[in-house]
Amino acid sequence: MKLLFFFLSILIISGCNSSSEKNNETDVKEAVITADTKKMMARIAEIYDRIEPANYPSMNTRRAAVYKSALDTAKSAITGLHLYFNYCDELLNSGKTTEAITEIENLIKQSRFSVDDINNGNKVIFEKLAIAFLRQGEQENCIANHSGESCIVPFVGKGVHQFKTGSAKAIEVYKKILAKFPTDYNSIWLMNVAYMTLGEYPKSVPAKFLLPTKLLLPTGKFPKFNNISVDLGIDINGHAGGTCIEDFNNDGYLDIMNSSWGLKEQIQFLMNNGDGTFTNKTEAAGLIGMTGGLNMIHADYNNDGFVDVLVLRGAWNSGIGGRVPNSLLKNNGDGTFSEAAYEAGIYSEHPTQTACWADVNLDGWLDLFIGNESQPPEYIEPCEFYLSNGNGTFTNVAKQLGLDVVGFVKGSAWGDVNNDGRPDLYISMLKGNNKLFMNEGGATAADLKFTDATAKAAVQKPYNSFPCWFFDYDNDGWQDLFASGYDLNRFNNVAEDEVRAILGLPIAADKLCLYHNNGNGTFTNTSKQLGIDRAMYTMGCNFDDINNDGWTDFYLGTGTPEYTSITPNRMYLNNGGKNFTDVTVNGGFGIIQKGHGVAFGDMDNDGDQDLYEDIGGANEGDNFHNAFFDNPGFGNNWIVLHLKGTTANRSAIGARVHIVITENGKQRSIYKTVGTGGSFGSSSLQIEIGCGSATLVDKLEIMWPDKKQTVQSFNNVSIGKKYELEQGTQPVEVAYKKFNWKLKAHVHDMHNM
């Protein structure tokens with residue numbers, strides 16, 4: 001069965017709260033909307049207007065109207081029953097939850113079904129009623145009365161529902177379902193969650209259905225990362241989208257850019273004021289009217305010293321709805337952005353949500369791979385590879401280099417697999433083998449060469465694969481590879497697989513793979529021995545060192561379009577490269593809403609990594625507030641580096657950083673590579689390295705991604721500081737002003753943006 005369009009544009013223009021105690025509008029010139037920016041906005045609007053909603057499952061309001069019209073003319077009772085159920089389902093998906101509940105109850109009444117006589121034939125209707133009640137509770141409490149504790153397992157404090165009717169009614173239906181189907185793990189998970197929302201887990205959960213508390217309640221001493229997005233007014237309320245964390249105005253403070261999938265949803269730019277507040281600069285940046293984008297990734301594509309943003313559109317769809325152009329938002333260096341896809345030569349119309357930047361020929365200019373989503377035989381959308389012309393423009397040479405891959409590409413990442421200084425390409429696909437292309441060198445399209453090394457490397461799995469990245473999780477100097485599963489065949493059973501994982505039962509879904517680089521062109525899947533052999537349904541995700549011990553941790557945003565797939569987003573702590581520990585519950589990371597773009601960065605200049613996450617699902621009614629997890633600190637030391645290439649690309653993307661530190665009388669190495677991290681979410685390009693208990697960096701070594709693969713080395717570098725390091729010069733200490741967040745700051749309502 002071919003993959004149909006699981007997701008699509010969301011109709012609602014989502015609001016954004018932003019806060020600041022000062023007005024910085026005067027420090028940015030008035031935005032000028034360029035002709036190309038207007039042209040892109042007009043093209044996106046034109047495509048949106050041409051979409052036929054009946055063919056796109058995420059246009060739920062319009063689809064509900066289609067089913068309602070068909071229901072009125074149904075010629076048989078059986079047909080009418082199916083149409084009525086579909087109508088109820090689309091009402092729920094569109095966010096009209098109370099109306100959906102009324103219609104589902106009416107459907108049950110008209111069909112003369114009894115909640116005491118649930119069977120295989122009518123169970124799906126009662127399941128729909130139960131999840132509608134649960135969603136009603138979420139809307140009334142977690143969204144309308146949102147707090148930083150909302151929808152985070154195990155639901156404490158303000159996370160406990162004030163309005164209890166929705167969850168209470170859901171529990172009653174789940175009890176009836178489980179009375180007839182006692183091993184229905186979906187219902188077991190959702191009933192346990194419903195009790196959590198009422199503050200009645202574990203005490204009130206029926207004993208035979210109680211899930212183990214040791215995995216769902218805090219234990220140990222790992223500190224909590226508070227979600228302070230509400231207090232800072234950066235809890236954008238929207239749907240699935242992308243996130244970039246970067247210092248876009250070069251003032252020394254990391255800012256946030258956020259997108260949402262729907263072609264009517266506004267991209268948002270939140271500027272960090274460096275005083276504990278943010279200001280929404282979307283309008284001042286010239287971005288009003290720039291909409292859509294399930295994912296974003298940033299880089300300085302034109303080497304002007306200001307970081308630009310690539311916005312990716314059309315994902316999950318085919319035909320008109322999928323053939324939507326990407327945007328290249330050029331940072332003009334004055335606080336504004338303008339459309340540059342046309343002038344840069346990368347304008348195309350294909351469905352995509354993944355792309356990655358690297359200087360493949362080491363000429364000092366970034367090149368761009370874009371992974372497109374084909375649905376053969378009707379829709380063939382070859383991947384694109386844009387080689388820089390060395391002047392801010394590009395030429396698509398994918399076909400010449402054999403990179404015009406045809407498949408449902410969902411993730412892509414560059415990494416130096418064999419330590420030859422040249423970036424290699426990994427492509428992650430749904431319903432197909434993943435691919436690894438080795439960069440054999442060359443300077444131009446005529447002599448560049450990539451070879452398919454997938455079979456030798458043995459990195460084809462997961463078969464249903466989504467996000468991916470390269471990182472050195474064990475600090476052995478060889479980049480390892482992460483690829484997470486996203487099993488399309490189990491979308492309705494995500495909650496079941498959560499229970500199976502908790503109980504240690506077999507799971508049929510594709511699991512994530514963490515491939516250890518063996519240093520000889522091959523990899524070994526070590527996910528089982530590392531303690532992460534799980535089916536995670538990962539979407540947005542990224543990695544960094546949250547406790548500054550020098551070992552890289554990672555965070556996974558989870559979920560599917562189904563309302564029932566409300567399982568915790570997860571944080572895994574790296575234990576010296578030997579294994580990973582799930583610190584989700586203790587750390588307060590377990591938001592059960594849908595996790596999309598994830599980005600790490602030291603947002604308050606205190607030396608540790610904070611985390612911003614786009615939250616929200618695909619359906620119109622599956623919106624939620626974004627999260628910002630503030631790192632409480634672990635007392636370990638650190639160093640921050642801002643690298644600037646000269647013969648290497650200005651962003652220094654691909655630069656390899658190696659530091660040697662001494663802890664407890666023993667030296668050890670830490671390896672980092674400049675980049676934005678995972679394939680769904682875009683972290684800061686500044687290198688933030690945890691140094692554990694070390695009091696000095698014994699050696700700092702940088703291998704620059706240029707033709708000579710220039711290496712610079714420095715000894716006895718002080719820690720607890722930020723350095724700017726321009727290629728060929730000495731590190732220069734720069735101001736790194738720590739500040740405290742001004743919580744409960746004044747919030748400006750931005751719902752009309």
For residues Tyr379 and Glu381, is any side-chain donor paired with an opposing acceptor at under 3.5 Å?
-> no
Under 3.5 Å, is there a donor-acceptor pair between the Thr395 and Asn389 side chains?
-> yes
Judged by atom type as modelled, is there a donor-acceptor pair below 3.5 Å linking the side chain of Asn258 to the main-chain atoms of Asp614?
-> no
Would you check if the side chain of Lys594 reaches a backbone N or O of Thr560 as a donor-acceptor pair within less than 3.5 Å?
-> yes
Which of parallel (below 30°), tilted (30 to 60°) and perpendicular (above 60°) describes Phe482 and Phe554?
-> tilted
Would you tell me whether Ser412 and Thr354 have side-chain atoms, one donor and one acceptor, within less than 3.5 Å of each other?
-> yes
If only atom types and distance count, is the side chain of Gln479 paired as donor or acceptor with the main-chain N or O of Asp416 below 3.5 Å?
-> yes
Ser651 side chain to Asp300 backbone, donor-acceptor under 3.5 Å = yes
Check the side chains of Arg570 and Thr538 for a donor-acceptor pair under 3.5 angstrom, ignoring hydrogens and angles.
-> no
Is there a donor-acceptor contact under 3.5 Å from the side chain of Gln266 to the main chain of Leu287?
-> yes
Atom pair CH2 (Trp551) and CG (Asp545), whose distance is rounded to the nearest 0.5 Å = 10.5 Å
According to the interplanar angle, ranging from 0 to 90°, do the rings of Phe471 and Trp469 count as parallel (below 30°), tilted (30 to 60°) or perpendicular (above 60°)?
-> perpendicular
Establish, from distance only, whether the side-chain atoms of Glu339 and Ser327 form a donor-acceptor pair under 3.5 Å.
-> yes
Is there a donor-acceptor pair under 3.5 Å between the side chain of Asp706 and the backbone N or O of Thr647?
-> no
Would you say Thr291's side chain and Leu263's backbone share a donor-acceptor pair under 3.5 angstrom?
-> yes
With a 3.5 Å cut-off and no angle check, do the side chains of Glu373 and Gln375 form a donor-acceptor pair?
-> no
Do Asp544 side-chain atoms and Ile546 backbone N/O form a donor-acceptor pair below 3.5 Å?
-> no
Please check if any side-chain donor atom of Ser318 sits under 3.5 Å from a side-chain acceptor atom of Glu378, or the reverse.
-> no
With a 4.5 Å limit on heavy-atom distance, are the side chains of His298 and Asn331 in contact?
-> no
Please check if any side-chain donor atom of Asn649 sits under 3.5 Å from a side-chain acceptor atom of Asp359, or the reverse.
-> no
Would you sort out whether Lys461 and Asn525 count as a side-chain contact (heavy atoms from CB on, under 4.5 Å), showing the intermediate values?
-> CA-CA 9 Å; Lys461 295 182 179 179; Asn525 183 8; over 6 Å; no
Nearest heavy-atom contact between Leu448 and Leu387 is CD1-CD1, 3.8 Å
Aromatic ring pairing Trp414/Phe369, orientation class (parallel under 30°, perpendicular over 60°, tilted between) = perpendicular
Would you please classify the geometry between the Tyr671 ring and the His658 ring as parallel, tilted or perpendicular, with 30° and 60° separating the classes?
-> parallel
Is the charged tip of Lys39 near the ring of Tyr342: under 6.0 Å from the six-membered ring centre and within 45° of its axis?
-> yes
Hey, what's the ring geometry for His596 with Phe680, parallel, tilted or perpendicular (30° and 60° as the breaks)?
-> perpendicular
Can you check ring-ring contact (aromatic ring centres under 6.0 Å, His included) on Phe580 and Tyr572, steps first, answer last?
-> CA-CA 6 Å; Phe580 289 85; Tyr572 284 94; 7.1 Å; no
Indicate whether any N or O donor in one side chain lies under 3.5 Å from an N or O acceptor in the other, for Tyr426 and Asn434.
-> yes
Could you tell me whether the side chain of Asn361 and the main chain of Gly442 form a donor-acceptor pair under 3.5 Å?
-> no
So, Ser684 and Asp602: side-chain donor and acceptor under 3.5 Å apart, yes or no?
-> no
Aromatic ring proximity, centroids under 6.0 angstrom, Phe470 and Tyr515 = no
Check the pair Lys399, Asp404 against salt bridge (charged side-chain N to carboxylate O under 4.0 Å, His left out), reporting the backbone distance first and the verdict last.
-> CA-CA 5 Å; Lys399 188 172 184 178; Asp404 56 336; 5.9 Å; no
Is a side-chain N or O of Asn372 found less than 3.5 angstrom from the main chain of His350, in a donor-acceptor match?
-> no
Report yes if the side chains of Phe629 and Ile591 come closer than 4.5 Å at any heavy-atom pair, otherwise no.
-> yes
Do Phe437 and Phe450 make the cut of ring centroids closer than 6.0 angstrom?
-> no
